[in-house]
*Asks:* 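Before I ask anything, let me first share the structure, which is written out below as structure tokens.
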Amino acid sequence: MSVRVRFAPSPTGFLHIGGLRSALYNWLFARRHGGVFALRIEDTDRSRFVEGAIENLQRSLEACGLKPDEGPFIQSERREKHLQYAYDLIEKDKAYYCFCTKERLDEVAKQQQALKHPIMYDRHCRNLSKTDAENRAAVGDEHVIRLKVPTEGSIKMRDMIRGDVEIPWAQVDDQVIIKSDGYPTYHLAATCDDHDMAISHVIRGEEWLSSLPKHLFIFESFGWQAPQYAHLPLLLNPDRSKLSKRQGDVAVEDYLAKGYLPEALVNFVALLGWNPTSDREIFTKEELAELFDITKVNKAGAVFNTEKLNWLNAHYLKSLDESVYLLKARELGFLDEDVVRMRAAIIARERITVLSELPALIEEATTVSDYSADMLVWKKSDASTAKTRLKSVRDYIAEKDEDWFGKPLAMEEETRTWIAGQGFSNGDTLWPLRVALSGREKSPSPFELMFVAGKDESLSRIDAALEKMA
RNA sequence: GGCCCCUUCGUCUAUCGGUUAGGACAGCGGCUUUUCAAGCCGUUAAGAGGGGUUCGACUCCCCUAGGGGCUACCA
């Protein structure tokens, strides 16, 4: 059997981090088994449709390297088809018209609540005569179509992650499958589409597990072969509730905009709920695909905690080619074409965890803070040494050409050699130098700072320091 | 409330009856070092509780507790 999976989000605005993981696991599964990964848009609730959401979703998926092989298939475009399926179900006595008003339903629910009974439809219209019901519907009486699920016994289901699950039919509602606006609900649309798209494996969030009986009932009613199901554990907020807005960013695009790299995001999210049973932490999605095993996915939800994501992102940031790194920073608006700021960005790389931290660090590396003369004195040294050392370094670098400042590694090596040759200590030479260049207790190394500032600016900062000490 | 799912360090996880319960992030300590980072090394820290089954349970079963999901004419 050929493997076909789908990612089927509703277009409510953006790709949720949980959605990214669902999409990723589907993608990994498809790649692992040489199958097809399709995108389907579940937009049957037109009141929740957000303009531009589909394009946005696609953009985020593509940014993460999860471009669908097929789709997007737009569910709402298949409305007629879904309606036909619903009528078929009525024909098979697996569904029925319901004319109950919102008011009556509310009333029923209220009574059930008062009696502490499960809140379900009381099946008031379940046994209406079919011809009567059809006539009323034809005349335009407002109605919905409900599933006519069994009332006794239970259904045994198999989940690729959880194994066997059994749910009593008494717990399953006569779910609405066609709304009064003529659009199908998720349950009907998703099952019919999964069948029509020949989906072999449904990999989706755990929140769907309880409605699996309805879906299986539909497959069975049509005599269709149901796909295999895998219900993924949920991603959780730090307080262990279902991951939501409010407790931090959940939109993939927000993470990308902040300067989290797609590779880091994908790597991180993949390991939330599954891991390839090794001590390795860094994987490309292709490497993950080779090892992916859906049956080994965890059952318990995983807290989406960005600490490890930060570490991963810092790691990926460091592994980028310098030109790519600078381009990324520029694309995201954290950097411009200014040469000095670009150099500052280069030296800032090893101290940032996300690109959005860049502007602040660039500011720090390109400016001198106000400082007092005594800050120029290393803790293990004295003022006169600081002064003479600084003067010596000044004279030393003043002889160098501009080019020399462009190579921080060589600059550092040569200078250290020179310091040793002079019989100076690193501390009483480098400390005053660095403070002269930054005006700060804490800063990048003097070599990095000189690299950023260039020859003239470096000398003038040192001169200013010498003047301060005079 | 009902039904379903779940439960190993703070967090993500390994372990598929026999391990000193391993790794990673975070934390802490150290090394390096002109400072801050980075890097390297080390270290603290876990099987929810109670019953079984078994020669032997983190691992299998039951109960309890706790957490989560669902309970819409939303997905």
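Here is the naming used below: chain letters follow the sequence lines, and residue numbers restart at 1 for every chain.
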*Asks:* Between A:W431 and B:rU34, is there a contact of a side-chain N or O with OP1 or OP2 at under 4.0 Å?
*Replies:* no

*Asks:* Would a distance-only check, ignoring hydrogens and angles, find a side-chain to backbone donor-acceptor pair under 3.5 Å from A:Q171 to A:I167?
*Replies:* no

*Asks:* With the criterion being N/O to N/O and under 3.5 Å, what pairs connect the protein with nucleotides 44-49 of chain B, and how long is each?
*Replies:*
none

*Asks:* Do we get A:K328 above A:Y325's six-membered ring, with its NZ or CZ under 6.0 Å from the centre and within 45° of the axis?
*Replies:*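 A:K328 over A:Y325 ring: no.
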
*Asks:* Holding to side chain to side chain donor-acceptor pair (under 3.5 Å), I want the full list of residues that pass it with A:Y229, two or more places apart in sequence or in another chain.
*Replies:*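 Residues passing side chain to side chain donor-acceptor pair (under 3.5 Å) with A:Y229: none at all.
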
*Asks:* Using a heavy-atom cut-off of under 4.0 Å over every strand shown, decide if A:G273 touches base, sugar-phosphate, or nothing.
*Replies:*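 Since only primed, P, OP1 and OP2 atoms lie under 4.0 Å of A:G273, the category is sugar-phosphate.
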
*Asks:* Any N or O donor-acceptor pair under 3.5 Å from the base of B:rC5 to the side chain of A:K299?
*Replies:*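 Donor-acceptor pair under 3.5 Å: no.
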
*Asks:* From the list B:rC12, B:rG68, B:rU15, which nucleotide is the closest neighbour of the side chain of A:T277?
*Replies:* B:rU15

*Asks:* More 5' along RNA chain B: A:L271 or A:P446, using each one's nearest nucleotide?
*Replies:*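 Per heavy-atom nearest nucleotide, the more 5' residue is A:L271.
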
*Asks:* A:N305 side chain: which of B:rC5, B:rA14, B:rU11 is closest?
*Replies:*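 From the listed options, B:rU11 comes nearest.
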
*Asks:* Side-chain N or O of A:R162 less than 4.0 angstrom from OP1 or OP2 on B:rG69?
*Replies:*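 Looking at the OP1 and OP2 atoms of B:rG69, neither is under 4.0 Å from any side-chain N or O of A:R162.
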
*Asks:* Quick one: label A:E166 by what it contacts on the DNA or RNA (base, sugar-phosphate, nothing), any heavy atom closer than 4.0 Å.
*Replies:* sugar-phosphate

*Asks:* Who pairs with A:T101 by side chain to side chain contact (heavy atoms under 4.5 Å, CB included), at least two apart in sequence or on another chain?
*Replies:* A:E103, A:R104

*Asks:* I'd like to know whether NZ of A:K81 has more than 12 heavy-atom contacts from other residues, nucleotides or ligands below 6.0 angstrom.
*Replies:* no

*Asks:* Would you classify A:R416 as touching base, sugar-phosphate or nothing, given that sugar-phosphate means primed atoms plus P, OP1 and OP2, and contacts are heavy atoms under 4.0 Å?
*Replies:* base

*Asks:* Think A:N298 has a side-chain N or O under 4.0 angstrom from the OP1 or OP2 of B:rU13?
*Replies:*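 Yes.
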
*Asks:* Report all interatomic pairs (protein N or O, nucleotide N or O of nucleotides 72-75 of chain B) with separations under 3.5 Å.
*Replies:*
residue, atom, partner, partner atom, Å
B:rC73, O2, A:S180, N, 2.7
B:rC73, O2, A:S180, OG, 2.7
B:rC73, N3, A:S180, OG, 3.1
B:rC74, OP2, A:K179, NZ, 3.3
B:rC74, O2', A:D45, OD2, 3.0
B:rC74, O2', A:R48, NE, 3.3
B:rC74, O2, A:R48, NH1, 3.3
B:rC74, O2, A:R48, NH2, 3.4
B:rA75, OP1, A:T44, OG1, 2.9
B:rA75, OP1, A:K179, NZ, 2.8
B:rA75, OP2, A:Y186, N, 3.2
B:rA75, O3', A:E42, OE1, 3.3
B:rA75, O2', A:S10, OG, 3.0

*Asks:* Searching all strands shown, indicate the nucleotide that pairs with B:rC40 (Watson-Crick or G-U wobble; both distances under 3.5 Å).
*Replies:* B:rG30

*Asks:* Under 4.0 Å, heavy atom to any atom of RNA chain B: which of residues 375-393 of chain A qualify?
*Replies:* A:W378

*Asks:* Does a side-chain N or O from A:R240 land closer than 4.0 Å to OP1 or OP2 of B:rU11, or not?
*Replies:* yes

*Asks:* Output all residues satisfying ring pair (Phe, Tyr, Trp, His ring centres under 6.0 Å) with A:W311, sequence neighbours left out; order by chain, then residue number.
*Replies:*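 A:W311 satisfies ring pair (Phe, Tyr, Trp, His ring centres under 6.0 Å) with no other residue.
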
*Asks:* Does A:I54 reach the side chain of A:F49, with side-chain heavy atoms less than 4.5 Å apart?
*Replies:*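 Result yes, sub-4.5 Å side-chain heavy-atom pair found.
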
*Asks:* Would you kindly compare A:A300 and A:L309 by the position of their nearest RNA chain B nucleotide and give the one closer to the 5′ end?
*Replies:* A:A300

*Asks:* Which whole number of Å gives the distance between the P atom of B:rG18 and that of B:rC61?
*Replies:*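 One P to the other, the span is 16 Å.
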
*Asks:* Walk me through it: do A:T44 and A:R78 pass the test side chain to side chain donor-acceptor pair (under 3.5 Å)?
*Replies:* CA-CA 10 Å; A:T44 54; A:R78 289 174 33 89; over 6 Å; no

